[in-house]
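For reference, the structure is listed below as structure tokens.
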Amino acid sequence: MRIALFGMSADPPHRGHGRVLRWLAQHFDHVAVWAADNPFKQHQCPLRDRQAMLDLMIHDLPVPPGRIALYAALSHRRSVVSAQQAREMWPHAELTLIVGADLVEQLPRWYQAAELFQLVNILVMPRPGYQPSDHALAAIRQQGGQVAIAETLKTFEVSSSYYRQTEDAQALPAAVRAYINQRNLYPCTESSQEKQAIS
């Protein structure tokens with residue numbers, strides 16, 4: 001069984017994430033998804049809300065039932081811990097960790113990277129404006145990692161930071177937009193940060 005492991009900040013999850021998930025559902029037997037705190041980022045929305053938005057997006061995707069599922073238990077700020085937990089859940093599966101092209105340069109320096117590469121293969125998803133360097137790919141392989149770059153049909157030129165900066169509603173799935181509007185998540189967070197900066 002081939003399982004894709006896709007952890008993300010999901011701050012918030014956007015249409016680009018949805019497109020990646022649909023692609024993964026076509027190329028893997030199962031896709032395990034979770035939201036997590038990234039130690040390299042400052043998150044604007046609580047993890048529980050990011051998990052909830054991710055779950056809403058998954059349920060709206062046009063894929064076979066059960067092909068993609070949210071696994072909140074895999075959420076951890078260290079990817080190696082998530083990979084260890086996934087190995088316990090699926091001891092005989094071939095596990096592939098999905099990472100965006102923007103993360104490849106730092107990947108060889110991740111916490112216990114060599115141990116992570118023993119647990120999972122690495123599949124890099126292209127992102128506009130990011131081209132993994134040969135040096136970074138070589139560094140992953142030197143630590144024993146099996147890394148490949150996905151040949152996706154088309155990348156979606158949107159990011160979570162793009163939405164937070166522009167509040168472009170078209171960047172998000174309808175269910176995620178509704179959740180944000182209902183709880184006034186990002187305007188509230190942005191306003192509170194502005195108040196802190198002023199004070």
May I ask you to establish whether R183 and Y179 are in a cation-pi arrangement, using a distance under 6.0 Å from NZ or CZ to the six-membered ring centre and at most 45° from the ring axis? yes
Just to verify, what does D29 make a salt bridge (charged side-chain N to carboxylate O under 4.0 Å, His left out) with, not counting sequence neighbours? none
Can you name the closest pair of heavy atoms from [X] and [Y] and give their distance?
| X | Y | value |
| --- | --- | --- |
| V176 | P13 | CG1-O, 3.8 Å |
| I149 | P126 | CG2-CG, 4.4 Å |
| A136 | P108 | O-CG, 3.9 Å |
| A36 | W34 | CB-CD1, 3.8 Å |
| L123 | A150 | CD1-N, 3.7 Å |

Nearest-0.5 Å distance, [atom1] of residue [X] to [atom2] of residue [Y]:
| X | Y | atom1 | atom2 | answer |
| --- | --- | --- | --- | --- |
| L103 | M8 | CG | CE | 11.5 Å |
| I68 | L54 | CD1 | CG | 10.0 Å |
| L5 | M89 | CG | CE | 9.5 Å |

Sole residue of R15, H17, H14 in side-chain contact (heavy atoms from CB on, under 4.5 Å) with L172: H14
Residues which pass side chain to side chain contact (heavy atoms under 4.5 Å, CB included) with V20, listed by chain and number, not counting sequence neighbours: F6, L24, M125
For I122, what residues pass the side chain to side chain contact (heavy atoms under 4.5 Å, CB included) criterion, not counting sequence neighbours? L97, V99, L107, F117, V120, V124, V147
Please evaluate residues R22 and V63 with respect to the criterion side-chain contact (heavy atoms from CB on, under 4.5 Å), reporting the C-alpha separation (whole Å), side-chain torsions for both, the decisive distance (0.1 Å), and the verdict. CA-CA 7 Å; R22 292 196 303 272; V63 298; 4.3 Å; yes
Using the side-chain contact (heavy atoms from CB on, under 4.5 Å) rule, take L47 and D37 through it: C-alpha gap first, then chi angles, then the decisive distance, then the call. CA-CA 7 Å; L47 180 60; D37 289 332; 4.3 Å; yes
Just grab all the side chain to side chain donor-acceptor pair (under 3.5 Å) pairs involving [range], residues at least two apart or on different chains.
| range | value |
| --- | --- |
| residues 57-69 | D55-H59 |
| residues 129-143 | E105-S133 |
| residues 108-119 | Q84-E115, Q106-W110 |
| residues 85-103 | E94-N121, D102-R127 |

L95/L119 under side-chain contact (heavy atoms from CB on, under 4.5 Å): CA gap, chis, key distance, verdict: CA-CA 7 Å; L95 302 178; L119 293 166; 5.9 Å; no
Return a table of donor-acceptor pairs under 3.5 angstrom between the side chains of residues 70-79 and protein atoms on other chains or two or more places apart.
unit_1	atom_1	unit_2	atom_2	d
Y71	OH	H30	NE2	2.7
S75	OG	A35	O	2.6
H76	ND1	R78	N	2.9

Could you walk me through whether I140 and V104 pass the side-chain contact (heavy atoms from CB on, under 4.5 Å) check? CA-CA 9 Å; I140 294 170; V104 174; 4.2 Å; yes
Using only atom types and a distance under 3.5 Å, with no angle test, would you say the side chain of D49 pairs donor to acceptor with the backbone of C45? no
